[in-house]
Amino acid sequence: MMSRWHVPLALLTCLVLVGPTLFILRNAREAQAAPAPGQQGIVPILDAESRARLLTYHRGCSKQADCEQPLGCFSDSRHGKYCTDSNCTNDLQCPEDQRCRTMSTFHGGPRFRLCAPTGPRQEGELCLDLPRDRTSSCAGELQCAGINGLGYCARSCAPGEPGTCPDGFFCADVQPGPSCLPTCEAGGCPQGQQCIPFIDGASLCASVVYGTNCLKTPCPGGHKCQVDPSTRFPGKVWMECVVRCSDANPTCAEGQVCDRYHCLQACDPNGPNPCAEGYHCDRRGKDLPWSCQPDSWPVR
């Protein structure tokens with residue numbers, strides 16, 4: 001007959017043997033969940049089971065709140081905005097001719113580590129994080145850095161430390177991290193080109209300006225000077241004096257329509273072409289009006 005001490009002794013033995021194992025497993029899970037050094041604020045890579053439990057995984061989004069944690073609302077030029085996780089932590093996890101790059105969301109949301117193609121764009125040239133083809137991607141170790149969707153192929157830098165950027169560049173606090181952005185304001189441009197400043201403080205030399213050059217001729221009251229470069233057409237810039245509008249306040253001048261919250265020149269694809277050079281008659285969706293769109297559309 002088993003004595004009354006046998007059961008507690010067996011239980012104690014089990015705890016002694018299993019306890020360290022549970023401790024190790026718990027620490028392993030915590031180590032896996034904790035971000036690696038320098039990776040804080042970056043959306044992690046989720047396994048298939050975790051992705052399946054998230055109802056918003058790869059669903060459309062318009063803001064970070066539309067995505068379940070730890071997903072982030074990411075926007076790329078190929079698929080629009082959607083909730084996703086990271087898919088790499090280093091270059092070895094990416095296909096050939098791709099690199100694992102850090103990318104940002106708008107409005108200071110979480111960052112991602114995603115495989116992106118390498119391309120021909122050199123330092124200071126315009127770029128896209130995830131373009132439809134690699135012609136708008138950065139070469140080598142350069143990162144596509146900037147704000148509000150406009151990016152430049154750049155090296156990282158240390159703000160406040162002189163000499164971290166080459167001549168013709170300055171260290172800017174942009175996403176996904178401080179980077180050397182181009183400037184032509186001090187050095188000037190080749191003959192026949194003009195220096196075009198952008199809202200992030202960077203500036204580039206342009207040989208062609210389409211639309212109204214509202215940097216030289218200020219817009220009338222109530223209008224805003226909008227400057228749009230294009231990754232597909234280096235050296236070309238589109239400018240417009242635009243008026244804001246909305247569904248609630250769609251009033252635009254005669255001959256204009258409200259498109260993308262701006263009053264734009266209306267047009268008829270089957271009628272005479274009223275669009276200026278550098279623009280064509282198009283629409284951004286079947287429910288949107290026909291208007292004069294820049295030739296750089298649909299890819300920035």
Side-chain angles (χ1 to χ4, degrees), residues 22 24-119 127-138 141-151 153 156 174-177 179 231 247 260-261 284-288 297-300:
L22 294 175
I24 292 171
L25 289 175
R26 185 189 69 180
N27 285 349
R29 286 195 299 269
E30 291 177 352
Q32 185 176 18
Q39 300 295 307
Q40 289 80 4
I42 293 181
V43 175
I45 302 175
L46 302 179
D47 56 37
E49 182 179 352
S50 298
R51 290 170 178 169
R53 287 198 300 264
L54 297 171
L55 298 178
T56 58
Y57 181 71
H58 272 202
R59 297 290 181 89
C61 61
S62 60
K63 56 186 181 300
Q64 179 58 34
D66 296 335
C67 304
E68 300 162 275
Q69 293 294 332
L71 302 177
C73 184
F74 181 69
S75 176
D76 72 52
S77 59
R78 305 167 305 171
H79 308 299
K81 291 184 177 181
Y82 56 95
C83 301
T84 189
D85 59 343
S86 294
N87 64 17
C88 65
T89 57
N90 58 68
D91 294 342
L92 296 178
Q93 296 171 311
C94 296
E96 188 177 2
D97 295 328
Q98 294 192 22
R99 303 186 71 90
C100 185
R101 302 188 189 273
T102 301
M103 302 182 189
S104 303
T105 53
F106 295 131
H107 310 301
R111 296 178 297 166
F112 301 84
R113 293 283 288 170
L114 300 173
C115 293
T118 55
C127 58
L128 291 172
D129 280 331
L130 288 174
R132 296 176 186 273
D133 61 75
R134 65 180 62 250
T135 58
S136 294
S137 295
C138 299
E141 299 287 342
L142 297 175
Q143 178 83 27
C144 192
I147 62 172
N148 296 330
L150 181 62
C153 292
S156 60
V174 292
Q175 296 294 335
S179 305
T231 58
D247 293 337
R260 295 176 296 138
Y261 303 103
R284 293 180 177 253
K286 62 180 181 180
D287 297 325
L288 296 176
W297 182 82
V299 181
R300 286 192 60 146

Quiz item: Measuring from Ser75:OG to Met103:CE, what's the distance to the nearest 0.5 Å?
Solution: 12.0 Å
Quiz item: Between Cys144 and Cys127, is the SG-SG gap under 2.5 Å?
Solution: yes
Self-check item: Any donor-acceptor N/O pair, Ser136 side chain to Leu128 backbone, under 3.5 Å
Solution: no
Exercise. Mind running side-chain contact (heavy atoms from CB on, under 4.5 Å) on Ile45 and Arg51 for me, showing each step along the way?
Key: CA-CA 10 Å; Ile45 302 175; Arg51 290 170 178 169; 4.1 Å; yes
Quiz prompt | Asp129: partners by salt bridge (charged side-chain N to carboxylate O under 4.0 Å, His left out), with sequence neighbours left out | solution = none
Quiz item: Do other residues, nucleotides or ligands put more than 12 heavy atoms under 6.0 Å from the CZ atom of Arg59?
Solution: no
Quiz item: Taking all non-hydrogen atoms of both residues, which atom of Lys81 and which atom of Cys73 are closest, and how far apart?
Solution: CB-SG, 4.3 Å
Exercise. Using a 4.5 Å cut-off on heavy atoms from C-beta on, say whether the side chain of Phe112 contacts that of Asn87.
Key: no
Quiz item: Donor-acceptor pair, Thr84 side chain versus His58 backbone, under 3.5 Å?
Solution: no
Quiz item: Judged by atom type as modelled, is there a donor-acceptor pair below 3.5 Å linking the side chain of Arg134 to the main-chain atoms of Gly119?
Solution: no
Exercise. Taking Asp85 for its side chain and Leu71 for its backbone only, find out whether a donor-acceptor pair lies under 3.5 Å.
Key: no
Quiz item: Where do Leu114 and Phe74 land on the side-chain contact (heavy atoms from CB on, under 4.5 Å) test, with the steps shown first?
Solution: CA-CA 11 Å; Leu114 300 173; Phe74 181 69; 3.7 Å; yes
Quiz prompt | side chain to side chain donor-acceptor pair (under 3.5 Å) partners of Thr135, counting only residues at least two apart | solution = Asp133
Quiz prompt | Separation of SG atoms, Cys61 and Cys67, below 2.5 Å | solution = no
Exercise. Mind running disulfide bond (SG atoms under 2.5 Å apart) on Cys100 and Cys115 for me, showing each step along the way?
Key: CA-CA 4 Å; Cys100 185; Cys115 293; 5.5 Å; no
Quiz item: Is the closest side-chain heavy-atom distance between Val43 and Ser86 below 4.5 Å?
Solution: yes
Quiz item: Side-chain contact, heavy-atom cut-off 4.5 Å: Gln64 with Pro110?
Solution: yes
Quiz item: For Glu96, what residues pass the salt bridge (charged side-chain N to carboxylate O under 4.0 Å, His left out) criterion, not counting sequence neighbours?
Solution: none
Quiz item: Does the Glu68 side chain pair with the main chain of Thr56, one donor and one acceptor, at a distance under 3.5 Å?
Solution: yes
Quiz prompt | Under 3.5 Å: donor-acceptor pair, side chain of Arg101, backbone of Leu142 | solution = yes
Practice problem: Could you tell me whether the side chain of Glu141 reaches within less than 4.5 Å of the side chain of Arg99, counting heavy atoms only? | Solution: yes
Quiz item: Would you say Ser179 and Gln143 make side-chain contact, with heavy atoms under 4.5 Å?
Solution: no
